[in-house]
2 protein chains.
Amino acid sequence: MAPTPPLSLPVSPRHPKETVNQWAYRSLRQAVMVGLIPPGRSLTIRDVAAALAVSTMPVREALRRLASEQALEVQDNRRIQVPQMTVSKFRELCELRIALECHAAERALPYVGAARIEQLTLIDRRIDEAHAAGDREGVTIHNQDFHRHLYESNPNQVIMPLVESVWLQLGPFTRLALSKLNDFYHVDRHSEALAALKKQDPLALRIALEADIRDGITHVGTAELLSAYVENAGMVG
Amino acid sequence: MAPTPPLSLPVSPRHPKETVNQWAYRSLRQAVMVGLIPPGRSLTIRDVAAALAVSTMPVREALRRLASEQALEVQDNRRIQVPQMTVSKFRELCELRIALECHAAERALPYVGAARIEQLTLIDRRIDEAHAAGDREGVTIHNQDFHRHLYESNPNQVIMPLVESVWLQLGPFTRLALSKLNDFYHVDRHSEALAALKKQDPLALRIALEADIRDGITHVGTAELLSAYVENAGMVG
DNA sequence: TTCACTAAAATGTGATCACGTTTAACCCGC
DNA sequence: GCGGGTTAAACGTGATCACATTTTAGTGAA
């Protein structure tokens, strides 16, 4: 077995007023979300601390937090690693995502006014632009932005943290979905969702949203593709 | 304003092989779950550490973890407190609970066999016993046990952590529901759920489960009762 | 009495160190 | 060469200390 390569993390600049803890959390979260750390890779506190050039203290709290959000996994060894994915677990996460987000959208619907719809339309345009430019990471970010803004129309926010947790778990594997994105004719589910919002039609919204989520998933969801991806431990370009 | 009373936590014995961190987390979680710490009460690291007779290190990690599970809330002051509840937030949490748990039950259904049903029946009996004995906390614990065992029939577990998060947020207020428990004729929704499991009937299971959850909630859910409870900051016997 | 300003206490944050456990390397005997 | 046992390195955990920020108390003037 080859020796584990030295850990290198992309260091985004640290915001002013941001604690080292938050910065470490944000950096690690981003790395996990875009699948930069292959599943099964174990993260030691000292290594991450060295990679981020900070002490161990903020790092271990960031690691623990990500673990409690199911983005990382603590083994019996007390060692922390990126969770391994299985086909059935993946399916389970997708179905959960659909149930959760359809519910979130339905609960948000009554609060969606014209201003919000305009905002969502704008974000949707940004997705298209990133899509046209072949910017996969941009598509991911703006797509999450679209969903987040929709659900957060509901002022009584309790669902978003759970949705984010699911996103984090699926995160490392959405890259695969995006790599296939251009191979299919892309139906704009977001337009359908926006139409449903304008009509205040809950059922149409659910349908559009479920279709949108499945669209991004089915390309991955075939057992063959995913298991090939899983076996390669995330090494997909 | 009266000076904040000194913090006293019920210290459950520490398991062997359990780290101080885990023990502190478990203790705090339990305290929050049963509503022992009134909403709005701010928890300082040093106070909790003193109450648990440990150093600050494990405590702050426990606090942060509970915060990331939405059981506690970090303010802009960086201070940590038990979240305040509002009527609409409560309703939102209840609807989320129903959506989440109905989905979990449906995904678990195919895996529920005779052995599991027998186990659930046993737990249900324990609920009745606690109910008869007037043991509210026992009812809560065994009821959660029933739901947990049902959802965990699904071997690909991804939903339970989210469910636990919702339980934690509702936790401090279920006490009120239980205080009214004996005032109404109690339809045994668990029996209906068990029947649905035997028949492998997804729809009947959903209906039974939603009814079960609503039964425990409607007594609280009336705006008057809850707001009275919220105003009193959890001071309900 | 009330408001503003200052000083002191309290609190969160981050770094460093010590200890026990786990993991990996190494060496010896077969 | 190969397996088993010993030793050293690596790691997580928990405690203590120093520092910056926040909160509170106290004081004095209007």
Side-chain angles (χ1 to χ4, degrees), chain A residues 1-9 11 13-29 37 40-68 71-83, chain B residues 1-9 11 13-29 37 40-68 71-83:
Chain A
M1 183 74 73
T4 57
L7 183 63
S8 78
L9 293 173
V11 283
R14 181 169 151 210
H15 299 162
K17 283 282 173 185
E18 189 183 34
T19 66
V20 180
N21 196 326
Q22 294 168 316
W23 178 70
Y25 168 75
R26 201 161 51 82
S27 304
L28 273 172
R29 180 192 161 96
I37 310 170
R41 175 74 142 93
S42 73
L43 298 171
T44 69
I45 296 176
R46 284 176 172 88
D47 280 356
V48 176
L52 293 173
V54 296
S55 89
T56 63
M57 179 73 52
V59 170
R60 67 161 130 173
E61 291 185 345
L63 285 175
R64 282 179 179 282
R65 177 168 173 190
L66 285 168
S68 86
L72 298 178
E73 187 182 46
V74 292
Q75 313 178 61
D76 296 334
N77 329 340
R78 294 173 172 175
R79 200 156 290 187
I80 292 181
Q81 69 172 25
V82 180
Chain B
M1 183 73 74
T4 57
L7 183 63
S8 79
L9 294 172
V11 283
R14 181 169 151 209
H15 298 162
K17 283 282 173 186
E18 189 183 35
T19 67
V20 180
N21 196 325
Q22 294 168 316
W23 177 71
Y25 169 75
R26 202 161 50 82
S27 303
L28 273 172
R29 180 192 160 97
I37 310 170
R41 176 74 143 92
S42 73
L43 298 172
T44 70
I45 297 176
R46 285 177 171 87
D47 280 357
V48 176
L52 264 51
V54 297
S55 90
T56 62
M57 179 75 50
V59 170
R60 67 161 129 171
E61 291 185 345
L63 285 174
R64 280 179 181 283
R65 177 168 173 193
L66 285 168
S68 86
L72 298 178
E73 187 183 47
V74 292
Q75 314 176 62
D76 297 334
N77 330 340
R78 294 172 172 177
R79 200 155 291 189
I80 292 180
Q81 68 173 25
V82 180

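Naming: A, B, ... by sequence-line order, numbering from 1 per chain.
Between A/Arg78 atom CZ and D/dG12 atom C1' the separation is 7 Å, expressed in whole Å. In this structure, A/Asp47 atom CG and D/dA10 atom P are separated by 10 Å, rounded to whole Å. For B/Arg46 and C/dG12, the CZ to P distance is 7 Å, given to the nearest whole Å. Rounded to an integer number of Å, the gap from B/Gln81 CD to C/dG12 P is 12 Å. Remark: P of D/dG14 and CD1 of A/Ile45 are 11 Å apart, rounded to the nearest angstrom.
Of the candidate nucleotides C/dA15, D/dC11, D/dT16, D/dC11 has the atom nearest to the side chain of A/Arg79. Among D/dG12, D/dA15, C/dG12, the nucleotide with an atom closest to any side-chain atom of A/Thr44 is D/dG12.
Contacts of B/Arg60 with the nucleic acid, taken as non-hydrogen atoms under 4.0 Å apart, include base atoms.
Residue B/Arg64 places at least one side-chain N or O under 4.0 Å from the OP1 or OP2 atom of C/dT13. Taking 4.0 angstrom as the limit, A/Asn77 places a side-chain polar atom (N or O) nearer than this to OP1 or OP2 of C/dT23.
The nearest pair of heavy atoms linking B/Arg26 to B/Pro13 is NH2-O, 3.3 Å. The minimum heavy-atom distance between B/Ser42 and B/Gln81, with the atom names listed, is CA-CB, 3.8 Å.
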